[in-house]
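Below you'll find the structure, written out as structure tokens, and then a few comments.
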Amino acid sequence: MGHDTDSADHDFLAELRWRGLLHQTAGEEVARHVGQASTAPRIAYVGFDPTAEALTIGNFIQIKLLAHWQRCGHRPIVLMGGGTGLIGDPSGKSAERQLLDAERVAANVEAQRPTFARVLDFSESASNRAVILNNLDWLGPIGYLEMLRDVGKHFSVNQMIQRDSVAARLNSREQGISYTEFSYVLLQAYDFLHLFRTRSCTVQLGGSDQYGNIVSGMDLIRRMAGGEAFGVTTPLVANRDGTKIGKSERGAIYLDASRTSPFAFHQFWLNVADDEVGRYLRFFTFLDEAEVLELEAAHAAAPQERAAQRRLAALMTELFHGVGERARAELAAAALFSGDVRSLDARSLREVASELPGSVEERAALAGEGVPLADVLVRTALVTSKREAREFLAAGAISVNGERIEPEHRLTASDLLHGETTLLRRGRKHWHAVAWR
RNA sequence: GGGCGGAUACCGAAGUGGACAAACGGGACAGACUGUAAAUCUGUUGGGCUCAGCCCUACGGGGGUUCGAAUCCCUCUCCGCCCA
């Protein structure tokens, strides 16, 4: 099999197509512009909305779009919406957005930066190295009159109100749409124009909800610069049942270790459903088609091995958290899911415990009769009330250090691992580390 | 502006003076079985306690009638439908 993903003779659209990441293209002969080996390297951008300080695996698809672009020999631009983030894109939103203040947006832009470096090549030596730009740099200084006169002139309100995202809000009595959000498309179109003029950027990539914004930018480039530009969108990636990818019961999965621990991140991928794992491999990893097909075949032959999920989890964790964290996550997973935590040595135990939610308890409470387990449980995230704690205990859902215990169990010194920690578990998957001080 | 109907737990939805922390369905959580899967079966699903029992808070908000109110009355808010 060819590991030729870095070579420039790869066809970007074909790459997206087999992965199921190609939704629509916009522009005449887009395939010729971006596709073949014979064409010159092109420049494309994706806009990112800095409404959160951390990116989720949902955002990763868009970053990955740029990565494929780069691996096909083209040059990617990450456009942080420091300016547009102050306004808010109405696309795909059913309610008016909360406006963020400029400092918040600036902070988020900075916080997101390192995540991009994990996926894109920013090295000086690369001829097609990625760059990060912030549209506040050009949207900030622009004057209102200038915007209305030079850019607004080219937009027809008649067309703007036809757009689904706008029409839905216009027809909604409760929500409505503010003039601010209504005008959003001018800014994004202007971004594209600006990048076309200053960076020779001719392609905008994005999710399918960005199609309208992208086409508006292409129009503006034609009208104001007499140039030709193109757009490529990805489908909305969702699970087969229509639910959003990347939501666990604890909320979104972030790419940043401060929001989602490497262990939780690893677990997320490991728990992908059988009938989704093939799509996940295509969507999220850089494995080539032959490797994916091979993994799928292996998985179909022996689903209980979950080779596909393991590979997926390993690749993703390594990509965002590095080899060391991946190894730690795998070690922790092996110990926790076998339930065999007693055999861990002190160092491994500490590492495993550090991957889990934890709390600190008074060591003195363990003396003599000890402390009722239920009382300790309420202070963990495993249960929400003492009543619930009793319920789980009665149902046999709670184990201490990997072993089932009686509902009336009291924690004593004998429940300490290496004299310092007790690992509690609810059900199969929910762990909590108690440190005794 | 007028008329009618409605607001019940995470969601849908019963209940129309006491046996209601509230049927039923979905969801969620847990147990069994498994592969950290799916399906299936079982249980739980407001909070507290000295836990086969007791106590507190709850049926849109506020007030009232009554020994007793999710249920009756007044009022406010919001939603739906019809008429202007």
Side-chain angles (χ1 to χ4, degrees), chain A residues 94-95 171-176 239-253 260-281 295-317 326 328-341 344 352 355-357 369 371-410 423-433:
Chain A
S94 58
N171 295 329
S172 161
R173 288 175 65 190
E174 298 97 70
Q175 291 300 343
N239 290 316
R240 292 230 166 108
D241 57 9
T243 55
K244 253 186 161 173
I245 283 181
K247 292 277 182 189
S248 74
E249 59 260 50
R250 291 194 177 275
I253 302 294
T260 298
S261 74
F263 176 72
F265 189 77
H266 185 262
Q267 285 294 305
F268 170 79
W269 301 105
L270 207 52
N271 280 314
V272 167
D274 287 5
D275 60 356
E276 301 278 14
V277 73
R279 299 171 70 234
Y280 274 60
L281 286 168
L295 268 174
E296 283 183 317
H299 181 262
Q304 70 280 9
E305 298 293 334
R306 295 182 316 123
Q309 280 96 333
R310 285 182 205 284
R311 188 74 190 282
L312 176 67
L315 287 168
M316 297 311 294
T317 309
R326 189 214 73 206
R328 286 170 52 125
E330 285 174 349
L331 172 78
L336 295 178
F337 289 97
S338 65
D340 186 17
V341 291
L344 290 170
V352 167
E355 298 289 346
L356 305 174
E369 287 288 289
V371 57
L373 179 52
D375 290 352
V376 175
L377 276 172
V378 258
R379 291 192 288 273
T380 72
L382 295 177
V383 302
T384 58
S385 69
K386 195 161 182 180
R387 167 182 256 251
E388 194 179 72
R390 272 194 279 257
E391 236 166 64
F392 282 131
L393 282 165
I398 305 292
S399 40
V400 172
N401 297 329
E403 289 155 19
R404 279 288 177 69
I405 38 71
E406 293 303 307
E408 307 80 31
H409 187 81
R410 300 177 76 91
L423 296 181
L424 302 175
R425 173 160 72 155
R426 188 197 88 213
R428 286 288 269 169
K429 301 188 200 175
H430 305 279
W431 287 82
H432 184 98

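Below, chains carry the letters A, B, ... as their sequence lines are ordered, and counting in each starts from 1.
The side chain of A/Ala397 lies closest to B/G31 when the candidates are B/U36, B/G31, B/U45. Among the nucleotides B/G35, B/U34, B/U45, the one closest to the side chain of A/Arg306 is B/G35. Ranking B/C29, B/U36, B/G35 by closeness to the A/Asp274 side chain, first place goes to B/G35. Closest to the side chain of A/Ser385, from the set B/U45, B/G48, B/A37, is B/G48. Side-chain atoms of A/Arg404 lie closest to B/A32 of the nucleotides B/G35, B/A32, B/A30. Nearest nucleotide to the side chain of A/Phe337, out of B/U36, B/C29, B/G35: B/U36. The side chain of A/Arg387 sits closest to B/G47 out of B/C29, B/G47, B/A37. The listed nucleotides are B/A30, B/U45, B/G35; the one nearest the side chain of A/Gln304 is B/G35. Side-chain atoms of A/Arg428 lie closest to B/U36 of the nucleotides B/A30, B/U36, B/G35. In the set B/G35, B/C49, B/A30, B/A30 carries the atom at the smallest distance from any side-chain atom of A/Phe392.
Proximity of A/His430 to the phosphate of B/A30: a side-chain N or O atom is located under 4.0 Å from OP1 or OP2.
Taking the side chain as every heavy atom from C-beta outward, A/His432 and A/Leu423 never approach each other to under 4.5 Å.
Between B/A7 and B/C72, the distance separating the two P atoms is 11 Å to the nearest Å. Comparing the same atom, C1', in B/A9 and in B/C20 gives a spacing of 13 Å after rounding to whole Å. As rounded to the nearest Å, B/G46 and B/A22 have C1' atoms that lie 12 Å from one another. A gap of 6 Å separates the C1' atoms of B/G17 and B/U71, to the nearest Å. For B/G26 and B/G35, the C1' atoms lie 27 Å apart once the distance is rounded to whole Å. Only the P atoms considered, B/G6 is 13 Å distant from B/A13, to the nearest whole Å. Distance check on atom P: B/U34 versus B/C24 gives 31 Å, rounded to whole Å. Spacing of C1' atoms, B/A21 relative to B/C55, comes out at 13 Å, to the nearest Å.
With a 6.0 Å radius and a threshold of 12 heavy atoms from other residues, nucleotides or ligands, A/Glu369 has its CD atom at or below the threshold.
Where A/Lys386 and A/Ala334 meet RNA chain B, the nucleotide closest to each residue was compared, and A/Ala334 sits on the side nearer the 5' end. The residue among A/Val378 and A/Pro303 whose nearest nucleotide of RNA chain B lies closer to the 5′ end is A/Pro303.
A straight line from CD of A/Gln267 to P of B/G35 spans 17 Å, rounded to a whole angstrom. For the pair A/Leu377 CG and B/G48 C1', the computed distance is 17 Å after rounding to whole Å. Taking atom CZ of residue A/Arg311 and atom P of nucleotide B/U36, one finds them 21 Å apart after rounding to whole Å. For the pair A/Lys429 NZ and B/G35 C1', the interatomic distance rounds to 11 Å; values are reported in whole Å. Look at CD on A/Glu276: it is 19 Å from P on B/U36, rounded to the nearest Å. Atom CG in A/Asn271 sits roughly 19 Å away from atom P in B/U34 (whole-Å rounding). Atom CZ in A/Arg426 sits roughly 15 Å away from atom C1' in B/G43 (whole-Å rounding). Rounded to whole angstrom, the span from the CG atom of A/Leu393 across to the P atom of B/G31 amounts to 12 Å.
A/Asp275 CG to A/His299 NE2: the interatomic distance, rounded to the nearest 0.5 Å, is 9.5 Å.
Residue contacts shown for A/Glu388 are absent, as no nucleic acid heavy atom lies under 4.0 Å away. A/Ala333 comes within contact range of at least one nucleobase, with a heavy-atom separation under 4.0 Å.
Ring geometry for A/Tyr280 versus A/Trp269: interplanar angle over 60°, hence perpendicular rather than tilted (30 to 60°).
Between A/Leu424 and the options A/Asn401, A/Val400, A/Ile405, a side chain to side chain contact (heavy atoms under 4.5 Å, CB included) holds for only A/Val400.
For a distance-only test at 3.5 Å, the side chain of A/Glu391 fails to qualify as a donor-acceptor partner of the base of B/U45.
In this entry B/A32 has B/U40 as its Watson-Crick or G-U wobble partner, both defining distances falling under 3.5 Å. B/G1 is paired with B/C83 under the Watson-Crick or G-U wobble criterion, all donor-acceptor distances under 3.5 Å. Checking B/U50 for Watson-Crick or G-U wobble geometry (two distances, each under 3.5 Å) identifies no partner in any strand. A 3.5 Å limit on both hydrogen-bonding distances identifies no Watson-Crick or G-U partner for B/C20. Searching all strands for a Watson-Crick or G-U wobble partner of B/U77 with both distances below 3.5 Å returns B/A7. Base pairing analysis places B/C72 opposite B/G64; the two distances defining the Watson-Crick or G-U wobble pair are each below 3.5 Å.
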Where do A/Asp375 and A/Lys386 land on the side chain to side chain contact (heavy atoms under 4.5 Å, CB included) test, with the steps shown first? CA-CA 7 Å; A/Asp375 290 352; A/Lys386 195 161 182 180; 2.8 Å; yes
Trace of the side chain to side chain contact (heavy atoms under 4.5 Å, CB included) decision for A/Phe392 with A/Leu377: CA-CA 10 Å; A/Phe392 282 131; A/Leu377 276 172; 5.9 Å; no
The test is side chain to side chain contact (heavy atoms under 4.5 Å, CB included); show your working for A/Asp274 and A/Gln309 and say whether it passes. CA-CA 8 Å; A/Asp274 287 5; A/Gln309 280 96 333; 3.2 Å; yes
